[in-house]
Engineer: 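The structure follows.
First the proteins, then the strands, lettered A, B, ... as listed; each starts at 1. Predicted, not measured: the structure shown is a model, and the values here were computed from it.
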Amino acid sequence: MIKYILKRLVMAIVTIFVVATLTFFLMNTVPGGPFTAEKSISEQARKNLEAKYGLDKPIMQRYVTYITDALHGDFGISLKQRGRTVSSIIATKFPVSAKIGGISVLVALILGIPLGCIAALNRGKILDNIIIVLATFGIAVPGFVVCTMLLYFLGVKLQVLPTTFGDGSWTHFIMPVLSIAFYPTAYIARLMRSSMLDVLGQDYMRTAKAKGVSQFVSLFKHALRNAVLPVVTYVGPMLAYTITGSFIVEKVFTIPGLGREFISSVLNRDYTMIMGTTIFLASLMVFINVLVDIVYTIIDPRIKLK
Amino acid sequence: MKTNPLSMQLKLDPEDFLPATNDEKESLVIMRDSVSFWKDGLRRLLKNKIAMISLFFIVVIMIFSFIVPGFYPYRYEQQIKGSENLSPMTYSEEELAKKEAGEDVFPHFLGTDKLGRDYAIRVMMGSRISLIVGLVAAAIILVIGSLFGSVAAFFGGWVDLIMMRLVDIIYTIPDILLIVLLSTVLEDPLKSLATQPGFGWVQKLGAKLISIFIVFALLYWVGMARMVRSQILTLKESEYVTAAKALGAKNGRIIKKHLLTNCIGTLIVTTTLQIPSSIFTESFLSFLGIGVAVPMPSLGSLAGTAINGFQTYPYLLFIPAVLISLIILSFNLFGDGLRDAFDPKLKN
């Protein structure tokens, strides 16, 4: 077990290192830099700025400096938002994204698991068909379509919900959370239905029924616990999705989150910001996946560690 | 004739040498053609109503996006002065005047956008781009993924180990992050490449579209590679592979002729299901404004542009949004149908 965890952690660190290196060289090989877009500044001023941020040095030297600094927890200062460190920007923006993403994951689980169970228990009946159709449509609709439809009908036509994020009171959360949770809910419902059907046909379910376990207990203790396992594996990628899916939601609802910050830093060539957010988001996603895999092997002892 | 039952003499019965009667012949006649893998799958696919409706819808969309624009009276980048922001099926004053004068004016079925471009042709071109992205990306993924997976599985040992470690690393790389980054980064080098002689096609396709393809080629083949590898690991133990080896077939030939052709069902299904997911990603990028370049439309960028004025012109947003959902839905359903028909594991 410990060997497995160590192996996964080493893999995770290698992945993050690969991503960081790839990102660094990719963004630096592009002609143009963070200060070329500003036409108002003179050649000399631009050179001074580049010297100040160390952009005039050869690329390998900058790479080594950056990685050493990053390993010491110093991600530098933003090139565009003068005077603010990358860490402080991430620290202010990330909680907003994390809050919306986290609530969305909860909503998707709370809606998706019961929907899938209901469909499986009513197999072939009308309720099952309705849920299957909804889930199939749910998987096909891109996030931005959900976003804009909600915005149009709830925000503009009916005017029941605010169209921008504003001060972030709970009403402002409803539409973003619904837009992000839409796809995972549909996916979980489908996943849950098929795995529930699988479990219901198992021998131990018949044994439970034969020995007189009440339907309630057999459903929750025997069926649900086993059927929910595939959903647990999906939680990892889903968390990654809710963080990245928020790019769109943050743009549409003008939410001051990390996703929007990342997009604008890429478009602005804010080198340090790109590196900081990439490393941060990549580590987050990779470690969540490792964690989910470890949790999975603990809750399902049938899985053998490779 | 009396015969000794214990005799060791050859017992021949003259009846055995009579010609067969018609009754006996009939039992040997093959009543039905043997059902090949393809016929069997196709039969099941044709029976699947949902898959057939999806296929029909895909074909209709293809006709509208590849053939109709060829003879459509408007072009996607053509700006008609005076016809800005028309609602569907309406005419501008100038066009009405022309109609009065007896000229034929082709109607704007879906209206025009704020630059006076006919929206119907833009939507058609947009779905063309989305379909091209889906199909080309799926083709790239098919080639790279199947080759990588089959080579890793066939040679096994340390080759397999190293190749699959690489797959594991790419698999855990957060894709959206790299796609956003790469599509911005690759734009400039591709633009300068387009000015070189012999690379005019880069200009024609658009640098961003190509960078999207490169991103797909770099990142998205890993799922396919894993799938193919697991199939070939079992297939390579089959007798016909041993036979081919014994006959002196080269490794390349065995992979191409024997192994890949035998997992063609999986290949087809995985490729088809890859199309909607590529379309999904492209529309996401274009919606954010980092997809295809203007004035080229894609369904995602049409929706992205329309969001600025959607309170007044909601249909400009709804048309591409609904269309992209329908395209993805029909590819999903058709892919599911293919899987049900061609996956031997799901035969019952």
Side-chain angles (χ1 to χ4, degrees), chain A residues 8 11-12 14-19 22-23 25-32 136-149 151-153 155-157 163 183 236 240-241 243-245 247-248 251-252 259-260 262-263 266-267 269 274 277-279 281-286 289-290, chain B residues 50 54 165-166 168-189 191-192 218 276-277 279-290 299-300 303-304 306-307 310-312 314 317-318 320-333 336:
Chain A
R8 288 300 310 262
M11 275 286 291
V14 169
T15 309
I16 294 163
F17 184 74
V18 168
V19 172
L22 213 62
T23 313
F25 287 103
L26 273 177
M27 71 185 188
N28 277 296
T29 43
V30 183
T136 315
F137 273 94
I139 290 177
V141 180
F144 69 86
V145 176
V146 183
C147 250
T148 47
M149 294 287 167
L151 194 63
Y152 182 73
F153 288 108
V156 179
K157 277 273 146 168
T163 53
Y183 180 88
Y241 168 84
I243 293 165
T244 53
F247 289 162
I248 293 257
K251 183 192 169 187
V252 172
R260 209 162 62 129
F262 176 70
I263 301 277
V266 169
L267 295 176
R269 304 264 163 73
I274 298 176
T277 28
T278 309
I279 293 178
L281 289 179
S283 342
L284 200 70
M285 292 177 193
V286 169
N289 274 327
V290 173
Chain B
I50 295 175
S54 316
R165 278 291 152 279
L166 189 67
D168 283 346
I169 288 178
I170 294 180
Y171 205 73
T172 39
I173 287 177
D175 49 353
I176 298 292
L177 283 183
L178 267 199
I179 287 180
V180 170
L181 205 66
L182 272 175
S183 54
T184 359
V185 159
L186 288 172
E187 208 189 332
D188 285 341
K191 268 187 186 155
S192 56
L218 283 175
S277 91
I279 295 178
F280 207 101
T281 313
E282 187 277 328
S283 71
F284 163 85
L285 288 174
S286 295
F287 184 81
L288 283 176
I290 37 187
L299 291 176
I307 197 163
F310 81 101
Q311 306 207 6
T312 358
L317 176 63
F318 289 164
V322 169
L323 196 60
I324 192 115
S325 312
L326 282 177
I327 291 178
I328 294 172
L329 179 71
S330 42
F331 269 110
N332 270 340
L333 291 175
D336 284 347

Engineer: The criterion is side chain to side chain contact (heavy atoms under 4.5 Å, CB included); which residues satisfy it with B:Ser283, sequence neighbours excluded?
Structural biologist: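 Testing B:Ser283 for side chain to side chain contact (heavy atoms under 4.5 Å, CB included), a comparison that skips the adjacent residues, returns A:Pro142, A:Phe144, B:Ile324.
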
Engineer: Which bit of B:Ile279 is near chain A, if near means a heavy-atom gap under 4.5 Å: side chain, backbone, both or neither?
Structural biologist: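 Nothing of B:Ile279, per the 4.5 Å heavy-atom cut-off to chain A.
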
Engineer: Counting only non-hydrogen atoms closer than 4.5 Å, does A:Phe153 touch chain B with its backbone (N, CA, C, O), its side chain (CB onward), both, or neither?
Structural biologist: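 For A:Phe153, side-chain heavy atoms alone lie under 4.5 Å from chain B.
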
Engineer: Find out whether A:Phe262 and A:Thr278 are in side-chain contact, i.e. whether some heavy atom of one side chain is under 4.5 Å from a heavy atom of the other.
Structural biologist: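 The answer is yes, as the side chains (C-beta and beyond) meet within the 4.5 Å cut-off.
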
Engineer: Considering only heavy atoms from C-beta outward, does the side chain of B:Asn332 approach that of B:Phe280 to under 4.5 Å?
Structural biologist: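 Not in contact.
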
Engineer: Quick one: of B:Ala303, B:Gly300, B:Pro314, B:Gly304, who has the most non-hydrogen atom pairs under 4.5 Å with chain A?
Structural biologist: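 Heavy-atom pair counts peak at B:Pro314.
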
Engineer: My understanding is that only residues two or more places apart in sequence, or in another chain, count here; which of them pass side-chain hydrogen bond (donor to acceptor under 3.5 Å, both in side chains) with B:Asp336?
Structural biologist: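 Here the qualifying residues are B:Arg339.
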
Engineer: A:Tyr183 and A:Gly138: which non-hydrogen atoms are nearest, and at how many Å?
Structural biologist: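 Looking at all heavy atoms of both residues, the shortest contact is CD1-O, 4.0 Å.
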
Engineer: Which answer fits B:Leu317, side chain, backbone, both or neither, if we ask what part of it has an atom under 4.5 Å from a heavy atom of chain A?
Structural biologist: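 Contact with chain A: side chain only.
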
Engineer: Examine whether an atom of A:Ile139 lies under 4.5 Å from a heavy atom of chain B, and if so say whether it belongs to the side chain, the backbone or both; otherwise answer neither.
Structural biologist: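 When you check distances to chain B, atoms from both the backbone and side chain of A:Ile139 fall under 4.5 Å.
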
Engineer: What part of A:Val141 lies closer than 4.5 angstrom to a heavy atom of chain B: side chain, backbone, both or neither?
Structural biologist: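 Interface part for A:Val141: both.
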
